[in-house]
Undergrad: 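Just passing along the structure, written as structure tokens.
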Amino acid sequence: MGKEIFDNIPSKVSDLLTDVKNGRIGLPDLQRPFVWKDNKVRELLDSMIKGYPIGYIMLWSSPLEYESVGHIGKNEKTYKQPDDLVIDGQQRLTALLASMYGVKIKDKDYNERNINISYNPLTREFAVWTPAYEKNAEWISRICDVFKADEEHNVSKFRKNYIKEVNETRIKSGQCELSDDDEELVENNINDLLNLSFYSLPTLKISSKASEEEVADIFVRVNSGGQKLNEKDFIETLLAVFDNDVHKKIDEFCAQSRIPKDGTAYNHILTVDSVHLIRMAVGYGFRRARLRYAYMLLRGKDLKTGEYSEEIRNQNLGIFKKSLEVVTNLNNWHAFMNLFSGAGYLSGTLVASTNAVVFCYVLYLIGRFDYNVSSVALQKIIKKWIFMSTITYFYTGSTETEVEKQFADLRNIGGSDEFVKYLDNVINTRFTDDYFMLTLPNELNSSSPISPAWYGYIASLNVLNTPMLFSTTPLAKHFVVGSSGDKNSIDKHHIFPKNYLTKIGYTEDRDRNQIANFTYLDYATNIDISDNPPIDYVSRYREKLGEDGYALACKQNALPMEFEKMEYQEFLRERRVLMADIVRQAFNELCK
């Protein structure tokens, strides 16, 4: 039998809530927006008074032996830092603390509010507070008033006042007063409400020696809801407990990235999630790519010695905070996002991996602030890096391993020129002649709608400011927000229409939806072409454009001359080569 790395502690609700109030247990949800609806809190209390099980609590012992400091008193915590962190059961404990003891929670905008649950001692019913329950004498409008009376040893007086008010109301409405049996029922049901403090809540306390991976594995195995505990959950728990201002800053930046106006983090590339900012801050501040290092650092671990200490935790948190300031600086943020657009990626719909945005930004910050690369040189090399990394799957697959290796390489880089040279060397090892002539055409042999190769080709058209097929309007213009009305201003269209291919024997989507069979067309042209075979619709536009115009349109859009007369598979093979050459042309443009 293996040695247990946890203790099974039979806990009472009151003991757990007391430890949360005095700070011995760290409950991050008191600092984070509370996501439960009030009705769910009501259901939780209803389950408890009926004697139903309400799950368990999972705690993780802190590796640091904090001293107990301070004094018990209003708004003061006995414990400077928590001995245990709540890993599972955060919402339940927060709900109970707020409803039973009147502790305020935070809404999604970080505004404080109460969770008020009403209780009827005659029927043992709970309800979410409304003005109607406030006016109804038979309802205790807020159960926290009962628990407050209990703390002040005034439950008997509270019960007598309740019975008095109910009787007065009944007399006024012509009803009978409460009988002796009714009064006894009220007393029993109020006692049952107070006894929720002694409700058994099984608690698993995991040893401080357990690794983050073991804690996450335990969570998954014992959680019947099929939930998962990941690195992001750990990190947000640590931030919310140890420095809620940092956690709030992250949440606010993420929220702003969804608001399309000046002075916010809004951009056309990335809708920011907290995990993005955490990766950026840890990448820039610690030169670490793996999220697992983030929660180790924030728990106070020295990555070299493996030891934990409060001093190291404070040092690491300080580095994280400074790094986050740089990451969330709007001047830095938007300067970088403009480079992403400059590399042809005008919209997040063209970016297959958010990691490309995250780690390209980290590189930009390192180049700007650590190596003091000149503005012109930095813009040029980062645009080239963005272009290369997004199309070559650089940040997909074993991303963290690849970036860790890159961070290790950068430790040997001595100055701005070496920084630029290093990135150029990596780019050149990826963008070889074989890549453009063999690898990329092969990657374009796909029907995947989210292919980095396809997105890279579209980005290349944007870099080259190429007009759409049979149009004088640059494709890039149509990726600008607000360019569409009720209909998309552009459509992704089959060059050899799908229905036409079906008629000539291509019945599989894998064949008909090949990347090389697509182009963007404006809405009117798309409607005009419809399902007509190329030999029909091309003749109309060829006559309209003239031979020189037709030849230019083919060249700009990677179409073989006389493509409308070609056999379909031959067309695909030749177009893939031409598309790859368009990508090469765009890269050469970025190198100028």
Side-chain angles (χ1 to χ4, degrees), residues 6-7 9 11-36 55-73 75-98 101 103-106 110 112 201 203-212 214-216 218-219 229-251 274 278 294-301 308-314 316-318 320-321:
F6 70 94
D7 293 320
I9 305 171
S11 300
K12 303 295 183 184
V13 165
S14 60
D15 296 333
L16 291 167
L17 298 186
T18 296
D19 282 343
V20 170
K21 287 191 287 184
N22 66 30
R24 196 194 71 75
I25 292 177
L27 181 60
D29 276 352
L30 287 178
Q31 308 299 332
R32 301 190 295 207
F34 185 65
V35 299
W36 272 17
Y56 66 94
I57 302 298
M58 183 189 293
L59 306 176
W60 187 20
S61 295
S62 171
L64 311 177
E65 295 182 359
Y66 298 114
E67 295 181 358
S68 178
V69 297
H71 304 280
I72 296 177
N75 295 325
E76 293 182 357
K77 290 187 176 181
T78 309
Y79 290 80
K80 181 180 179 182
Q81 299 288 356
D83 284 348
D84 299 317
L85 298 178
V86 181
I87 298 300
D88 193 17
Q90 295 175 4
Q91 298 282 294
R92 276 165 288 160
L93 289 179
T94 303
L96 295 173
L97 197 63
Y101 294 100
V103 174
K104 293 182 183 296
I105 54 92
K106 292 180 172 65
Y110 280 90
E112 290 190 337
L201 198 48
T203 304
L204 303 178
K205 185 173 181 178
I206 302 173
S207 168
S208 63
K209 296 180 180 179
S211 69
E212 290 80 1
E214 288 174 322
V215 175
I218 292 169
F219 181 94
L229 189 67
N230 55 37
E231 292 134 329
K232 174 187 171 183
D233 298 320
F234 279 119
I235 296 165
E236 291 195 330
T237 293
L238 294 172
L239 288 174
V241 170
F242 292 128
D243 198 321
N244 187 52
D245 287 341
V246 175
H247 188 270
K248 183 176 180 180
K249 184 179 184 66
I250 290 174
D251 273 0
S274 59
I278 291 167
Y295 54 74
M296 290 178 183
L297 290 163
L298 294 174
R299 268 191 102 205
K301 185 174 184 177
Y308 289 91
S309 74
E310 183 178 1
E311 180 182 2
I312 293 172
R313 186 188 63 77
N314 289 333
N316 291 343
L317 185 57
F320 183 89
K321 290 168 70 173

Undergrad: Could you give me the CA-CA distance, side-chain angles and deciding distance for Asp84 and Arg24, then say whether side chain to side chain contact (heavy atoms under 4.5 Å, CB included) is met?
TA: CA-CA 7 Å; Asp84 299 317; Arg24 196 194 71 75; 2.7 Å; yes
Undergrad: Working to the nearest 0.5 Å, report the span between CG of Leu27 and CG of Asp19.
TA: 11.5 Å
Undergrad: Determine the minimum heavy-atom distance between Phe320 and Val246, stating which atoms define it.
TA: CE2-CG1, 3.6 Å
Undergrad: Any non-hydrogen side-chain atom of Gln91 less than 4.5 Å from a side-chain atom of Phe34?
TA: yes
Undergrad: Testing the basics here: between Ser61 and Ser207, what is the closest heavy-atom pair and its distance to 0.1 Å?
TA: CB-C, 4.3 Å
Undergrad: Distance from Leu59 atom CG to Leu16 atom CG, nearest 0.5 Å?
TA: 7.0 Å
Undergrad: Side chain to side chain contact (heavy atoms under 4.5 Å, CB included) between Ile57 and Leu204: does it pass, once the steps are laid out?
TA: CA-CA 6 Å; Ile57 302 298; Leu204 303 178; over 6 Å; no
Undergrad: Check step by step if side chain to side chain contact (heavy atoms under 4.5 Å, CB included) holds for Asp88 and Tyr56.
TA: CA-CA 8 Å; Asp88 193 17; Tyr56 66 94; 2.8 Å; yes
Undergrad: Taking C-beta and beyond as the side chain, do Leu201 and Leu93 meet within less than 4.5 Å on heavy atoms?
TA: yes
Undergrad: Would you compute the distance between atom CZ of Arg313 and atom CG of Leu317 and round it to the nearest 0.5 angstrom?
TA: 6.0 Å
Undergrad: Applying side-chain contact (heavy atoms from CB on, under 4.5 Å), can you list everything that pairs with Ala98, at least two apart in sequence or on another chain?
TA: Ile105, Ile115
Undergrad: Given the ring of Tyr101, does Lys21 sit roughly above its face, with NZ or CZ under 6.0 Å from the centre of the six-membered ring and within 45° of the axis?
TA: yes
Undergrad: Ser274 and Ile250: which non-hydrogen atoms are nearest, and at how many Å?
TA: CB-CG2, 3.6 Å
Undergrad: Quick check: closest heavy atoms across Thr94 and Gln90, and the distance to 0.1 Å?
TA: OG1-O, 2.8 Å
Undergrad: Is there side-chain contact between Leu97 and Val20, with heavy atoms separated by less than 4.5 Å?
TA: yes
Undergrad: What closest approach, in Å, do Lys301 and Tyr308 show between heavy atoms, and which atom pair accounts for it?
TA: CB-CE2, 3.4 Å
Undergrad: Not counting sequence neighbours, which residues clear side-chain contact (heavy atoms from CB on, under 4.5 Å) with Ile312? List them please.
TA: Asp302, Ser309, Asn316
Undergrad: Run the numbers on Trp60 and Lys205 for side chain to side chain contact (heavy atoms under 4.5 Å, CB included), then give the verdict.
TA: CA-CA 6 Å; Trp60 187 20; Lys205 185 173 181 178; over 6 Å; no
